[in-house]
Amino acid sequence: MQRLQKVLAMSGIASRRKCERLISDGKVKVNGQIINKLWMKVDPEVDIIEADGQQIIWKNQNKVYLLLNKPEGYITTVKDTHGRKTVMDLLPANLGRIYPVGRLDSSTTGLLLFTNDGELTYALTHPKHKFNKTYLACIRGALKDDSIKALENGILLEDGLTSKAKVKIVKTNPSTSLVKITIHEGKKRQVRRMFKSIGHPVISLKRIAMGFLTLNGVPEGKYRYLTLTEVQRLKNMYQNNIKN
């Protein structure tokens, strides 16, 4: 027997946190009964489980893990009711239900992970697990020492204080700077807002790494599958969190 939200996440429905919200909102049924208690345990081999009106498939699931080099102009969502281009348009249609791990806004390019492994998604996106994400930002103006220290110590945004960042100037001139910045949080448009708050608006932004994963060998607009070694390494990093 396993907790219901864990079974939903492992089935690729969504991240564990979103699965918990589905349960709390009364959108999950077990054997025809609405379940809204997070302590509920189920047997996925026996029980009939529905989430948001769709029955989950438990047996013979194939896990998918891939890395996309996202171009500009694509929104990070599975579907869009306004007909805009989404990151799913860049992936094969026969992969089934897979989801992006976190988000990049339309103007931001670079590394984006996809999987149907809800437990791993939870481990990689929860702030307490401190999964590093590195960006290359072209900003307006020359970044001075006091601004670097502010970024490194945390910036107070409208939704709270950011954690300490790692900052390295790649090159600079009086009008622009190219800066490498590493964070482990996922606040909405966080890097852009951090630089704007210190008077250096972002001109362009690219995510170049997530943990040990980089864009090496993946042209813009293309993707690759993660190797078994890479998947295992990700899981090993958060083994205790995935098991709980």
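Computed from a predicted structure; not experimentally measured.
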*With D105 as reference, evaluate R189, K188, K206, K187 under the salt bridge (charged side-chain N to carboxylate O under 4.0 Å, His left out) test and give the passing residue.*
R189
_Check this for me: L156, atom CG, are more than 12 non-hydrogen atoms of other residues, nucleotides or ligands nearer than 6.0 Å?_
yes
*Does the pair V87 and I75 meet the rule for a side-chain contact (heavy atoms from CB on, under 4.5 Å), with working shown?*
CA-CA 6 Å; V87 289; I75 61 173; over 6 Å; no
*Would you call V101 and F114 a side-chain contact if the rule is heavy atoms closer than 4.5 Å?*
no
*asked:* Filter on side chain to side chain donor-acceptor pair (under 3.5 Å), then keep only pairs touching residues 143-159, sequence neighbours left out; what's left?
replied: E158-R193, D159-R193
*List the steps, then state whether side chain to side chain donor-acceptor pair (under 3.5 Å) holds for D80 with T77.*
CA-CA 7 Å; D80 182 64; T77 186; over 6 Å; no
*Is any side-chain N of the basic residue among R224 and E230 closer than 4.0 Å to the acidic one's carboxylate O?*
yes
*Just wondering, do R3 and V42 contact through their side chains at under 4.5 Å, heavy atoms?*
no
*Is M194 close to I181 at the side-chain level, that is, under 4.5 Å between some pair of heavy atoms?*
yes
*Find the distance between OH (Y74) and CG (L104) and round it off to the nearest 0.5 Å.*
14.0 Å
*With a 4.5 Å heavy-atom cut-off, do L226 and L67 have their side chains touching?*
yes
*N173 CG to T176 OG1 distance, which is reported to the nearest 0.5 Å*: 4.0 Å
*When you look at T115 and I98, which way does the side-chain contact (heavy atoms from CB on, under 4.5 Å) test go after all the steps?*
CA-CA 5 Å; T115 185; I98 65 169; over 6 Å; no
*asked:* Are I198 and L143 packed together at the side-chain level, in the sense that at least one heavy-atom pair is separated by less than 4.5 angstrom?
replied: yes
*Carefully, step by step, assess R192 and L205 under the rule side-chain contact (heavy atoms from CB on, under 4.5 Å).*
CA-CA 8 Å; R192 292 181 183 275; L205 185 63; 3.8 Å; yes
*Would you tell me whether T109 and R207 have side-chain atoms, one donor and one acceptor, within less than 3.5 Å of each other?*
no
*Distance from K166 atom NZ to K180 atom NZ, nearest 0.5 Å?*
11.5 Å
*asked:* One pair to check against side chain to side chain donor-acceptor pair (under 3.5 Å): Y65 and D117. What are the steps and the verdict?
replied: CA-CA 8 Å; Y65 309 86; D117 187 335; 2.7 Å; yes
_Determine whether a donor-acceptor pair (N or O, by modelled atom type, separation under 3.5 Å) exists between the side chain of T134 and the backbone of T182._
no
*asked:* With a 3.5 Å distance limit and no angle check, can you tell me whether H200 reaches the backbone of I139 through a side-chain donor-acceptor pair?
replied: no
*Measure the spacing between NZ of K63 and CD of E119 and express it to the nearest 0.5 Å.*
8.5 Å
*Say you draw a straight line from CG of L213 to CD1 of I208; how long is it, rounded to the nearest 0.5 Å?*
13.0 Å
*Once you round to the nearest 0.5 Å, how far does CG of L8 lie from CD of E50?*
11.5 Å
*Any donor-acceptor N/O pair, K133 side chain to E185 backbone, under 3.5 Å*: yes
Please tabulate, for the side chains in residues 22-38, all donor-acceptor contacts under 3.5 angstrom to protein atoms that are two or more places apart in sequence or on a different chain.
from : atom 1 : to  : atom 2 : distance (Å)
S24  : OG     : E20 : O      : 3.1
N31  : OD1    : I48 : N      : 2.9
N31  : ND2    : D47 : OD1    : 3.0

*Quick one: closest heavy-atom pair of F195 and A137, and the distance?*
CE1-CB, 3.8 Å
_So L228 and Q232, do their side chains get closer than 4.5 Å, heavy atoms only?_
no
*Any side-chain heavy-atom pair of L178 and T172 under 4.5 Å*: no
_Please find the pair of heavy atoms, one from S106 and one from K70, that lie closest to each other, and give the distance._
O-NZ, 3.2 Å
*Report yes if some heavy atom in the side chain of T86 is under 4.5 Å from a heavy atom in the side chain of T76; otherwise report no.*
no
